[in-house]
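Throughout, protein chains are lettered first and strands after them, A, B, ... in sequence-line order, and every chain is numbered starting at 1.
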2 protein chains.
Amino acid sequence: MIVQKRLDEILAKLRQRDFRITPQRIAIIKTLLQSEDHPGVEQVYAEVKVNFPTTSLATVYKTVNLLKELGEILEIGFTGGCNRYDGNKPYPHPHLICTRCSKIVDPEVRLLEQMSAELAKATGYRIDSHQVEFFGVCAACQKS
Amino acid sequence: MIVQKRLDEILAKLRQRDFRITPQRIAIIKTLLQSEDHPGVEQVYAEVKVNFPTTSLATVYKTVNLLKELGEILEIGFTGGCNRYDGNKPYPHPHLICTRCSKIVDPEVRLLEQMSAELAKATGYRIDSHQVEFFGVCAACQKS
DNA sequence: ATATCTATAAAGAACTATTCTCATTAAAGA
DNA sequence: TCTTTAATGAGAATAGTTCTTTATAGATAT
């Protein structure tokens with residue numbers, strides 16, 4: 001399936017840069033690729049420990065950072081909370097975050113390219129990246 | 001001047017909600033209102049200590065959080081660094097951040113309202129707030 | 001003006017997320 | 001298989017932030 005394909009790509013990239021392929025790393029990458037819910041490090045750790053009980057939290061942190069540097073996962077920064085990660089869409093994209101249940105959704109946004117272009121033109125900045133987060137209350141939480 | 005006016009407004013709001021007006025608080029608010037460069041807590045602390053040397057860092061944190069809750073300053077969340085604050089435009093607005101010199105600019109952005117409205121319609125979320133940051137290299141840094 | 005009451009400030013301890021250290025283990029190429 | 005060297009694991013360290021305790025400052029009533 002699609003996860004296997006990306007896993008192979010990431011492993012190839014690791015090999016190519018002389019990083020070692022370890023069972024822990026594979027487990028961490030798989031967890032990140034399979035999860036739909038933008039997990040935090042702690043959540044990945046819990047998942048990985050099911051099959052590799054001796055894995056340490058530091059290893060998860062280090063691997064997550066490595067993957068971030070390789071551009072294979074996206075970090076979603078949370079002030080005053082733990083960061084969360086998106087292993088499915090590793091490029092910058094907007095998020096819609098429910099402030100009640102912490103659910104994160106990836107909405108379709110049309111206007112971002114245009115906005116970025118206008119901004120660059122108006123300010124003289126070269127824009128490399130962005131972090132666009134919308135906060136609100138999801139449909140389910142609005143009912144309660 | 002304009003700073004005095006906003007200071008009075010904030011003080012009135014504090015009084016109205018039975019928060020006390022203390023010299024430390026006034027100093028912290030003034031620092032936030034006067035600064036143009038989106039200072040962090042540590043920077044505010046340094047500034048306030050000039051006139052009130054006994055002020056503690058915790059006091060600055062508490063006051064900053066209080067002001068944030070009152071909606072009088074805007075928090076700009078930074079992953080892996082310290083948060084910074086905008087005392088001049090307390091409502092959510094986009095930032096353009098130079099990744100070389102850390103300069104922060106408040107650009108004009110037209111499309112955000114529209115984007116937010118489309119998003120709410122498409123997802124069913126009630127959108128309350130946003131955090132929109134663009135990262136790049138400012139004109140000055142591009143030359144070096 | 002004074003006494004009393006109450007919320008705050010101050011200081012540092014505590015907490016949480018993350019990174020570092022280093023001895024030990026194990027991956028990958030010879 | 002052997003060797004080299006990077007990765008792991010466990011806990012200590014760190015940084016940013018929040019909590020706790022206690023004396024004090026500000027408000028209130030007299």
Taken to the nearest whole Å, CG/A:Leu14 to P/C:dA27 is 14 Å

Is there side-chain contact between A:Leu32 and A:Tyr85, with at least one heavy-atom pair below 4.5 Å?
yes

Check this one for me: any side-chain N or O of B:Tyr61 less than 4.0 Å away from OP1 or OP2 of D:dT18?
no

Measure CG/B:Leu67 against P/D:dT17 and give the value in whole Å, please.
15 Å

With salt bridge (Lys or Arg N to Asp or Glu O under 4.0 Å) as the rule and sequence neighbours excluded, what pairs involving residues 82-105 of chain A come up?
A:Lys89-A:Asp106

Please report the distance, rounded to the nearest Å, between CD in A:Gln16 and P in C:dG29.
13 Å

ring-ring contact (aromatic ring centres under 6.0 Å, His included) contacts in which one or both residues fall within residues 88-114 of chain A, not counting sequence neighbours
A:His38-A:His95, A:Tyr91-A:His93, A:His93-A:His95

State which residues pass side-chain contact (heavy atoms from CB on, under 4.5 Å) with A:Arg110; sequence neighbours excluded, sorted by chain then number.
B:Gln114, B:Glu118

Applying side-chain contact (heavy atoms from CB on, under 4.5 Å) to B:Gln43 and not counting sequence neighbours gives B:Asp37, B:Pro39

Between B:Pro23 and B:Asn65, which has a closest nucleotide on DNA chain D that is more 5'?
B:Asn65

Sequence neighbours left out, what passes side-chain contact (heavy atoms from CB on, under 4.5 Å) with A:Glu47? Give chain and number order.
A:Thr31

B:Asp8-B:Gln4 side chain donor-acceptor pair, cut-off 3.5 Å:
yes

Could you give the angle between the helix axes at the two ends of the helix from C:dA1-D:dT30 to C:dA30-D:dT1, with five pairs per end, rounded to 10 degrees?
40°

Counting primed atoms plus P, OP1 and OP2 as sugar-phosphate and everything else as base, spell out the protein contacts along nucleotides 6-15 of chain C at 4.0 Å heavy-atom distance: B, S or - for each nucleotide, 5' to 3'.
BBSBBBB---

Roughly, in whole Å, what's the span from CG in A:Leu57 to P in D:dG11?
12 Å

B:Glu42 CD to D:dT17 C1', in whole Å, measures 11 Å

May I ask you to verify if any side-chain N or O of A:Asn83 is less than 4.0 angstrom from the OP1 or OP2 atom of C:dA17?
no

Please set out all donor-acceptor pairs under 3.5 angstrom arising from side-chain atoms of residues 13-24 of chain A, sequence neighbours excluded.
| residue | atom | partner | partner atom | Å |
| --- | --- | --- | --- | --- |
| A:Lys13 | NZ | A:Leu70 | O | 3.0 |
| A:Lys13 | NZ | A:Glu72 | OE2 | 3.0 |
| A:Thr22 | OG1 | A:Arg25 | N | 3.1 |

Figure out the NZ/C1' separation between B:Lys68 and D:dT18, and round it to whole Å.
11 Å

What is the separation between atom CG on A:Asn51 and atom P on D:dT8, rounded to the nearest whole Å?
16 Å

Rounded interatomic separation in angstrom, taking CD1 from A:Ile21 and P from D:dT5
19 Å

The side-chain contact (heavy atoms from CB on, under 4.5 Å) partners of B:Tyr61 (sequence neighbours excluded) come to B:Val41, B:Leu57

